[in-house]
Asker: 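Starting off with a structure, shown below.
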Amino acid sequence: MSKTIGILTAGGDSPGLNAAIRGVGKTAIGAYDMRVIGFRDGFRGLMENRAIDLDKSQLSGILTIGGTILGTSRDKPHRMLVGGQTLDMTEVIVENYQNHHLDALVCLGGGGTQKNAFRLSKKGLNVVTLPKTIDNDVFGTDMTFGFDTALGIATEAIDRLHSTAHSHHRIIIVEVMGHNAGWLALGAGVAGGADVILIPEIPYDIDAVAEAIRQRHRRGASFSIVAVSEGAVPRERAEALGVAEAELAAAKKAKKSGAGADQDIAAARARIDAIHGHHGSDTLALSEELERRTNLESRVTILGHLQRGGTPSAADRLLATRLGAATVEVINEGRFGVMVASRGEAAVPVPLKDIVGKRKSVPLDHPWIETARSIGTALGD
Ligand code: F6P
């Protein structure tokens, strides 16, 4: 056997993970005669040495299955809860990597995983990552796997909500996941024909939302569908967000110049998360406020984790398989500390140092935004 590679899935699960594991595994075993070791539950499994040999039989029949056969967790190597204490377990992870004689470690995950993998690569591990998340917010790749499936689920939900909204002459507000990026709500909102779409990148003005619905009513439409991203913020809170983001940028700059500490960055991040983290209650408040301002009945549907479950779409399977297979070629060429990104039809290794800490938000001049505006969809501004 030529090389031994490890593989793990970290962060929130997303459809297409098994397709990617299969793409990596089949290529590694079949085309390069490599040994593949899977680690359970993300970085925790690597720390606890919970490993399984992945052979051809384990990689067979998993393409269409949702979730991840390896399990996942949001544990970070440098801040792991062990015996009731938060500890830096990086050294244990490095030891386990060495004890397994790994030539490379493949980490499948979103933005957080890219960061954690980058930390490990700085400790000398040969790390290659793949971009997965339903949020599509990983910097440096055109697309993440999981997004297309979630987009389909959210779009179908909006389709189905139309008939009941129409029958009862109601406003229906559907909350879509996406963390602090609006790709999912915007994509599903446009594809599903939502009348109002609210995303984190465009702080919303409740007066503008209510007026858009009243206008529809005056024109004879007896119902309205509002697609709201879980990270969307009312305009009043956007100012606080701007301040917190400026603090984060300053903390990062200070850290780079040697004057700042990791804690300042973490604190600024926590402030941003707290501002965004009102979803659910914000959506309920939006519903009550719209009812009050329009005199129309309003209902809320929170799609939540439904969007992450079940069979991956054909596009996600294709993307995950394509990137998975390309990952092994990247390993074989000895290129490490990279994420295998999707760029058009190509799979491109992008240095992790160029992407970590960055988020791919929806640009305000993105064609999906322009399209929404062209067809008269209100964006709350
Ligand atoms: O990052 C994927 C995602 O599903 C986000 O859209 C959402 O904000 C978050 O994960 C939910 O996390 P958890 O699975 O920990 O509830």
Side-chain angles (χ1 to χ4, degrees), residues 8-18 20 41-44 66-68 70-76 79-81 107-117 129-141 143-155 157-158 174-189 197-201 227-233 237 241 269-284 300-313 316 319-320 339 355-362:
L8 58 81
T9 53
D13 70 337
S14 76
L17 277 170
N18 289 326
D41 302 335
F43 295 105
R44 179 166 288 275
T68 158
L70 292 174
T72 187
S73 73
R74 293 198 183 273
D75 288 303
K76 302 175 174 79
R79 278 180 48 217
M80 224 178 252
L81 196 63
C107 305
L108 282 58
T113 303
Q114 311 303 326
K115 260 188 234 163
N116 292 324
T129 68
L130 280 172
K132 75 89 206 110
T133 163
I134 65 163
D135 305 338
N136 199 31
D137 61 350
V138 176
F139 194 85
T141 185
M143 196 72 88
T144 56
F145 51 86
F147 174 66
D148 183 73
T149 308
L151 183 63
I153 295 168
T155 302
I158 295 174
V174 51
E175 186 190 283
V176 179
M177 273 189 171
H179 200 218
N180 298 339
W183 295 105
L184 211 44
L186 179 62
I197 302 174
L198 306 177
I199 60 173
E201 292 82 352
V228 57
S229 178
E230 63 177 0
V233 285
R237 216 164 331 117
L241 190 62
R269 280 217 179 93
R271 279 194 289 279
I272 293 174
D273 284 347
I275 293 166
H276 276 299
H278 292 265
H279 52 80
S281 58
D282 260 357
T283 304
L284 294 176
V300 170
T301 300
I302 297 179
L303 295 181
H305 296 80
L306 251 186
Q307 295 157 103
R308 293 212 316 235
T311 307
S313 68
D316 272 338
L319 176 64
M339 175 183 81
I355 59 154
V356 294
K358 297 179 185 165
R359 185 178 60 233
K360 189 180 76 178
S361 303
V362 182

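Both ligands and their constituent atoms are indexed starting at 1 by order of listing. This one's a predicted model, so the numbers in the text were calculated from it and none came from an experiment.
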Asker: With respect to atom 16 (O) of ligand 1, which of H305, E230, M177 exhibits the smallest heavy-atom separation?
Answerer: H305
Asker: Show your reasoning for whether side chain to side chain contact (heavy atoms under 4.5 Å, CB included) applies to T129 and T113.
Answerer: CA-CA 8 Å; T129 68; T113 303; 5.6 Å; no
Asker: Less than 4.5 Å apart, any side-chain heavy atom of L81 and any of R44?
Answerer: yes
Asker: Any carboxylate oxygen within less than 4.0 angstrom of a Lys/Arg side-chain nitrogen, looking at R359 and D137?
Answerer: no
Asker: Taking only heavy atoms of I134, which atoms of ligand 1 are found under 4.0 Å from at least one of them?
Answerer: 4 (O)
Asker: Measure Q307 to ligand 1 on non-hydrogen atoms and call it side chain, backbone, both or neither using the 4.0 Å cut-off.
Answerer: neither
Asker: Once you round to the nearest 0.5 Å, how far does CD1 of I134 lie from OG1 of T149?
Answerer: 10.0 Å
Asker: Contact between G178 and ligand 1, counting heavy atoms under 4.0 Å?
Answerer: yes
Asker: How far is atom 2 (C) of ligand 1 from the closest protein heavy atom, and which atom is that?
Answerer: D135 OD2, 3.3 Å
Asker: Of all the non-hydrogen atoms in the protein, which one sits nearest to atom 15 (O) of ligand 1, and at what distance?
Answerer: R74 NE, 3.0 Å
Asker: Indicate the atoms forming the closest heavy-atom contact of G178 with D135, along with that distance.
Answerer: CA-OD1, 3.2 Å
Asker: Name the closest protein heavy atom to atom 11 (C) of ligand 1, giving the residue it belongs to and the distance to 0.1 Å.
Answerer: R308 NH1, 3.6 Å
Asker: State, to 0.1 Å, how close G189 and A227 come at their nearest heavy-atom pair, and which atoms those are.
Answerer: CA-CB, 4.2 Å
Asker: Given that the side chain starts at C-beta and the backbone is N, CA, C, O, which of these parts of L184 lies under 4.0 Å from ligand 1, counting heavy atoms, or is it both or neither?
Answerer: neither
